[in-house]
Visitor: 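Shown below is the structure under consideration.
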Amino acid sequence: MDVQSSFVTDDSFSPLDIYRFKTASYSFIRPLITGGICAGWKQPTLDILQEFGTHLGVAFQIQDDLLGVFGDETKTGKSSLTDLREGKNTLLRTIHEKHATTEQKKRLVCLGTETATNEELLAVKHDMVASGAKQETLRLSNEYADKALASLDSLPHRDVAAALTELVEKLRGRDV
């Protein structure tokens, strides 16, 4: 789904679905459930971990995509133009495409092309701020992080809930 979304031009693949099935699943849900099973926890508790992991995984990936375009290159270790040059199908891009003006939409043709100049990509990056896409995407990341925290209210293991709350806040604190 993730690979195909880079070259399929219709709306077949929602970035949120990719985030749920890819990042949330392998980076959060499976490790949490594995830990819960090893601890001997029963299904209701494992369901809470799955809900938490889903929401946190989505929040993490949304923020990761924001960092890919707006993050400090010295901290992320890659150019802030790489994701744009590769034409990644991110929530940021989807929101921008929805809110972009006609002029801004014309500039999107450079995404995913090897011949795109840095100036063209920087213009798209600027447009993502001007269209409100950056702020809306950040808001959604925080919304998913809040949902992850809310799911911990019913976790019977308060020490684990406290540690997971700390993890959410640490991940939320990454610079965008």
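No hydrogens, no waters, no symmetry mates; every other heavy atom, side chains included, goes into these values. Keep in mind the model is a prediction, meaning the values are calculated, not measured. Along the sequence shown, the residues carry numbers beginning at 1.
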Visitor: What are the two closest non-hydrogen atoms of Thr94 and Pro15, and how far apart are they?
Guide: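 Scanning both residues completely, I find the closest heavy atoms to be OG1-CG, 3.4 Å.
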
Visitor: Following the transitive rule for hydrophobic clusters with a side-chain heavy-atom cut-off under 4.5 Å over Ile, Leu, Val, Met, Phe, Trp and Tyr, establish whether Val124 and Leu122 coincide in one cluster.
Guide: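 Yes, same cluster.
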
Visitor: Taking atom CE of Met128 and atom CD of Gln104, what is their separation to the nearest 0.5 Å?
Guide: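 It is 10.0 Å, given to the nearest 0.5 Å.
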
Visitor: Checking side-chain polar atoms at under 3.5 Å, does Gln63 have a donor or acceptor matched by the opposite partner on Ser141?
Guide: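 Side chains of Gln63 and Ser141: no pair found under 3.5 Å.
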
Visitor: Between Ser25 and Lys22, is there a donor-acceptor pair closer than 3.5 Å when you use the side chain of the first and the backbone of the second?
Guide: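 Looks like no, no N/O pair under 3.5 Å.
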
Visitor: Are Arg172 and Asp146 close enough for a salt bridge, meaning some N to O gap below 4.0 Å?
Guide: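 Salt bridge: yes.
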
Visitor: Group every Ile, Leu, Val, Met, Phe, Trp and Tyr by side-chain heavy-atom contacts under 4.5 Å, then state whether Phe28 and Leu49 land in the same group.
Guide: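 Hydrophobic grouping puts Phe28 with Leu49.
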
Visitor: About how many Å separate CD1 of Ile33 and CZ of Phe52, when rounded to the nearest 0.5 Å?
Guide: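 Result: 12.5 Å between the selected atoms.
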
Visitor: Taking all atoms of both residues into account, what is the closest heavy-atom pair of Phe60 and Arg174, and its distance?
Guide: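 Smallest interatomic distance, heavy atoms only, reads O-NH2, 3.1 Å.
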
Visitor: Under the side chain to side chain donor-acceptor pair (under 3.5 Å) rule, collect the residues that match up with Glu143, sequence neighbours excluded.
Guide: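 Testing Glu143 for side chain to side chain donor-acceptor pair (under 3.5 Å), a comparison that skips the adjacent residues, returns Arg139.
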
Visitor: Can you spot which of Lys105, Arg93, Arg107 makes a salt bridge (charged side-chain N to carboxylate O under 4.0 Å, His left out) with Asp127?
Guide: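 It is Arg107, the one option of Lys105, Arg93, Arg107 that forms the salt bridge (charged side-chain N to carboxylate O under 4.0 Å, His left out) with Asp127.
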
Visitor: Keeping the roles fixed (side chain from Arg85, backbone from Leu121), state whether a donor-acceptor pair exists under 3.5 Å.
Guide: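 Answer holds: no.
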
Visitor: Shortest non-hydrogen contact from Arg158 to Leu152?
Guide: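 Smallest interatomic distance, heavy atoms only, reads NH1-O, 3.0 Å.
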
Visitor: Hey, could you give me the CG/CG distance between Leu167 and Leu56, rounded to the nearest 0.5 Å?
Guide: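 The CG atom of Leu56 is 5.5 Å from CG of Leu167, to the nearest 0.5 Å.
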
Visitor: Please report the shortest heavy-atom distance between Thr137 and Leu92, naming the atom on each side.
Guide: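 Taking every non-hydrogen atom into account, OG1-CA, 3.5 Å.
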
Visitor: Do Leu66 and Leu84 share a hydrophobic cluster, counting only Ile, Leu, Val, Met, Phe, Trp and Tyr and linking them when any side-chain heavy atoms are less than 4.5 Å apart?
Guide: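 They do share one cluster, since a chain of ILVMFWY contacts under 4.5 Å joins Leu66 to Leu84.
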
Visitor: Search all heavy atoms of Ile48 against all heavy atoms of Pro156 and return the closest pair with its distance.
Guide: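 Closest approach of Ile48 to Pro156, heavy atoms only: CD1-CD, 4.3 Å.
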
Visitor: Verify, without hydrogens or angle tests, whether Glu73 (side chain) and Ser80 (backbone) share a donor-acceptor contact under 3.5 angstrom.
Guide: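 Such a contact is found between Glu73 side chain and Ser80 backbone.
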
Visitor: Check the surroundings of atom CD in Gln135: do more than 12 heavy atoms from other residues, nucleotides or ligands lie under 6.0 Å from it?
Guide: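 No, because the 6.0 Å sphere around CD of Gln135 holds 12 heavy atoms or fewer from other groups.
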
Visitor: Answer with yes or no whether the side chains of Thr23 and Gln61 bring together a donor and an acceptor at under 3.5 Å.
Guide: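 Per modelled atom types, Gln61 and Thr23 side chains form a pair under 3.5 Å.
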
Visitor: Rounded to the nearest 0.5 Å, what's the gap from CD on Glu120 to CG on Leu81? Could you check?
Guide: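 If I round to the nearest 0.5 Å, the distance is 11.5 Å.
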
Visitor: Is it true that, when you exclude Gln43 itself, more than 12 heavy atoms of the residues, nucleotides or ligands shown sit nearer than 6.0 Å to its CD?
Guide: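 Enclosed: over 12 neighbouring heavy atoms sit under 6.0 Å from CD of Gln43.
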
Visitor: Please identify each residue that fulfils ring-ring contact (aromatic ring centres under 6.0 Å, His included) with Tyr19, with sequence neighbours left out.
Guide: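 Once residues adjacent in sequence are excluded, Tyr19 has no partner under the ring-ring contact (aromatic ring centres under 6.0 Å, His included) criterion.
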
Visitor: Is the side chain of Thr113 donor-acceptor paired with the backbone N or O of Cys110 at a distance under 3.5 Å, no angle test?
Guide: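 At least one qualifying donor-acceptor pair exists.
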
Visitor: Enter the distance from Asp47:CG to Glu51:CD here, rounded to the nearest 0.5 Å.
Guide: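 The CG atom of Asp47 sits 9.0 Å away from the CD atom of Glu51.
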
Visitor: Return the NZ to CG distance between Lys88 and Asp83, rounded to the nearest 0.5 Å.
Guide: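 So the NZ of Lys88 and the CG of Asp83 are separated by 4.5 Å.
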
Visitor: Could you check whether the rings of His55 and Tyr144 sit parallel, tilted or perpendicular, using 30° and 60° as the cut-offs?
Guide: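 Because their plane-to-plane angle lies in the 30° to 60° range, the rings of His55 and Tyr144 count as tilted.
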
Visitor: So, for Ala145 and Ala59, which heavy atoms are closest and what is the spacing to 0.1 Å?
Guide: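 Here Ala145 and Ala59 meet closest at N-CB, 3.6 Å.
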
Visitor: What I'd like to find out is whether the side chain of Gln50 reaches to under 4.5 Å of the side chain of Leu46, using heavy atoms alone.
Guide: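 Not touching, per the 4.5 Å side-chain cut-off.
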
Visitor: Any link between Ile29 and Leu164 through a network of hydrophobic side chains (Ile, Leu, Val, Met, Phe, Trp, Tyr) touching at under 4.5 Å?
Guide: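 Linked, Ile29 and Leu164 end up in one cluster.
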
Visitor: Would Leu171 end up clustered with Val160 when hydrophobic side chains under 4.5 Å apart are linked, directly or stepwise?
Guide: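 Yes, it is one cluster - the side chains of Leu171 and Val160 are joined through contacts under 4.5 Å.
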
